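Single-structure report; data block below.
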Amino acid sequence: MGYQKPKGTADILPGDSSQWQLVEKTARDVFARYQFNEIRTPLFESYAVFARSSGDTSDIVSKEMYDFMDKGDRHIALRPEGTAGVVRAFVENKLYGPEYQKPYKVYYMGPMFRYERPQSGRQRQFHQIGVEAFGSESPAADVEVISMAMRLLRECHITDLKLAINTLGDAASRAAYHEALVSYLEPHFEELSDDSKVRLHKNPLRVLDSKDAKDQEIVKDAPVILDYLTPEATAHFETVKHLLETLHIPYEVDTEMVRGLDYYNHTIFEIMTNNKVLGHGYTTVLAGGRYNGLVEQLGGPDMPGVGFGLGVERLLLLMNAQNEALVPEPKLDVYVVGIGAQTSATTLQIIESIRDAGLSAERDYLDRKPKAQFKTANKMNAQIVVTIGESELADQTAHVKDMMSGIEITVPLAQVYTDFKAVQQQLNMN
RNA sequence: GCGGUAUUGGUGAAGUGGUUAACACAUCGGUUUGUGGAUCCGACACACGUGGGUUCGAUUCCCACAUACCGCCCCA
């Protein structure tokens, strides 16, 4: 039955693409106001870039990476997320240098790849819009990024969102908490779900957001990260909360929130929705956080960073679920009806002249009858129809009809060629 | 990676182990030999995801595969 697109991929067709363009335009516009500039990095990187940054044991690396050996025997991976490649570029191009303003603020948009089972809002090739700000440890930088994220979603007309924040603290906080959590969970080992038994040793934090009811019972009384923060980590988090309040951005602290990627520390956040288009329960549309240490891990200096990634497919599903037609119906300024094969050359000249005048124009290419051409003009939402037949050709005129009012006038062909806007005005006068 | 449901024309879909696979929309043509959104008439699936099997015979039953959707894992 012919060819099928690869599992988990999608064709974005005309009609849908206009909505994508709307989202992309909105993002560029919002980011520009915050002085973030676009960075474009490769869709694939050395496998090591992702393995190093995301953590070898993370699921993204261990089972979801789209990787392969290329003809030069290089281990390549299609990017599963945007941050690692941007950090690599930041380091490789020495953007940490003193000649660049800090924080150094960039954004990207484009496809990401993960080898997993497709579902609603989850594909193997999907798209993210993301931002990164390098070089500031200030909690104000965290909040700027969060605020920008909220603004972006707001300007995409998304409502009913929930901002959840948490902190993972610094290295010392994490180590202390890690130990406390494991020693709390260990005695419950036999009661845990099979999934969580594995998590306990691989990544105990993951047990915290298990969906298993019994796990949740156990987790309820587990130690909380907030109690294990160092004074500095506490101060950072408190300031973030305070600044969010200053900006009147509502949030919830979710101490059970964790991250799929290992490089996060301090502030992490997710913007979620419980809209059913994305499946049951709350689903994350946008997620991010701080990743001090990642730049160093990828060979750069010790330089902090904070950013977020937004799932475009998920955003689009939400937009369509919440709003009627955000993208206006396409319009056509002029449709030119040609009657008889001998009008074809003139018809072509007319539509080109109209396009010269800055208007959109279309004609028939299938030698159809006038009636059929009018029907098409109507379907295409044409504002004006120009008609050319043998008699018009003979005395060098054209019929020009306003499709709304039905008024039709006759004008010299020469005027159509040289000044269609004037013809338009003349039509409006009648 | 695990489990479940589904797969009929351009689209939405009905349907049956057996000579012509409903209906609707869209499209095209005609009704009006050169003028639009209406009416009426007509055309439009050698074909029912792919490959096997059962059967005298399968689109309808069985198996495998592919894809989509849902749940889990995980995540945007």
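Because the structure is predicted, anything quoted here is derived from the model rather than measured. Protein chains get the first letters and strands the later ones, always in sequence-line order, with residue 1 at the start of each.
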**Report entry** Spacing between A/Phe126 atom CZ and B/A76 atom P, to the nearest angstrom
**Finding:** 8 Å

**Report entry** Nearest-nucleotide pick for A/Lys371, side chain only, options being B/U32, B/G30, B/A76
**Finding:** B/U32

Query raised in the report: Can you list every ring pair (Phe, Tyr, Trp, His ring centres under 6.0 Å) pair that touches residues 129-151 of chain A, not counting sequence neighbours?
Result: A/Phe90-A/Phe134

Query raised in the report: Of all the base pairs, Watson-Crick or G-U under 3.5 Å, which form stems of three or more consecutive pairs involving RNA chain B?
Result: B:1-7 with B:66-72, B:10-12 with B:23-25, B:27-30 with B:40-43, B:49-53 with B:61-65

Requested in this report: Name every residue in residues 288-295 of chain A that has at least one heavy atom under 4.0 Å from any atom of RNA chain B, in order of residue number, or write none if there are no such residues.
Outcome: none

Query - Options B/G36, B/A76, B/G34, nucleotide nearest the side-chain atoms of A/Glu392 - result: B/G34

Query raised in the report: Sub-3.5 Å donor-acceptor pair from the side chain of A/Ser183 to the main-chain atoms of A/Glu179, do we have one?
Result: yes

**Report entry** Donor-acceptor contact below 3.5 Å, side chain A/Ser353 vs main chain A/Gln349
**Finding:** yes

Requested in this report: Not counting sequence neighbours, which residues clear salt bridge (charged side-chain N to carboxylate O under 4.0 Å, His left out) with A/Glu45? List them please.
Outcome: A/Arg88

Requested in this report: Apply the side chain to side chain contact (heavy atoms under 4.5 Å, CB included) test between A/Leu181 and each candidate in A/Val207, A/Val219, A/Leu208; give the one that qualifies.
Outcome: A/Leu208

Query raised in the report: Within 45 degrees of the axis of the six-membered ring of A/Phe50 and under 6.0 Å from its centre: does A/Arg79 put its NZ or CZ there?
Result: no

Query raised in the report: Is a donor-acceptor contact shorter than 3.5 angstrom present between the side chain of A/Arg314 and the base of B/C75?
Result: yes

Query raised in the report: Side chains of A/Arg151 and A/Tyr34: donor-acceptor distance under 3.5 Å anywhere?
Result: yes

Query raised in the report: What's the closest nucleotide to the A/Gln128 side chain, out of B/U67, B/A76, B/C72?
Result: B/A76

Query - Distance-only donor-acceptor test, A/Gln119 side-chain atoms vs B/A68 base atoms, 3.5 Å - result: no

Query raised in the report: Is there a donor and acceptor pair closer than 3.5 Å between the side chain of A/Glu408 and the base of B/U35?
Result: yes

Query raised in the report: Are A/Asn166 and A/Thr255 linked by a side-chain donor-acceptor pair shorter than 3.5 Å?
Result: no

Requested in this report: Compare the minimum distances between each of B/G34, B/C74, B/G37 and the side chain of A/Lys369, then state the nucleotide with the smallest one.
Outcome: B/G34

Query raised in the report: Between atom CZ in A/Phe374 and atom C1' in B/U35, what is the gap in whole Å?
Result: 4 Å

Query raised in the report: In terms of side-chain heavy atoms, does A/Thr410 have a donor or acceptor partner in A/His399 at a distance below 3.5 Å?
Result: yes

Query raised in the report: Nearest to the side chain of A/Arg122 - B/A76, B/C74, B/G1?
Result: B/C74

Query raised in the report: What is the distance, rounded to the nearest whole Å, between atom CZ of A/Arg114 and atom C1' of B/G1?
Result: 17 Å

Report summary line: The nucleotide from B/C75, B/C69, B/G37 with an atom nearest the side chain of A/Arg117 is B/C69

Report summary line: Under a 4.0 Å heavy-atom cutoff, the residues of residues 395-403 of chain A touching RNA chain B are A/His399, A/Lys401, A/Met403

Query raised in the report: Under the side-chain hydrogen bond (donor to acceptor under 3.5 Å, both in side chains) criterion, do A/Gln342 and A/Glu390 qualify, and how do the steps go?
Result: CA-CA 8 Å; A/Gln342 68 282 15; A/Glu390 278 175 62; 3.2 Å; yes

Report task. Would you indicate which nucleotide in B/G36, B/G34, B/G1 comes nearest to any side-chain atom of A/Tyr115? Result -> B/G1

Requested in this report: For A/Tyr251, enumerate each residue passing the side-chain hydrogen bond (donor to acceptor under 3.5 Å, both in side chains) test, keeping only those at least two apart in sequence or located in another chain.
Outcome: A/Glu245

Report task. Examine B/C74: is either OP1 or OP2 under 4.0 Å from a nitrogen or oxygen in the side chain of A/Arg199? Give yes or no. Result -> yes

Requested in this report: Look at the side chain of A/Thr376 against the base of B/G36 and say whether a donor-acceptor pair falls under 3.5 Å; ignore hydrogens and angles.
Outcome: no

Query raised in the report: Is there a donor-acceptor contact under 3.5 Å linking the side chains of A/Asp67 and A/His75?
Result: yes

**Report entry** Minimum-distance nucleotide to A/Glu390 side chain [options: B/G1, B/G34, B/A68]
**Finding:** B/G34

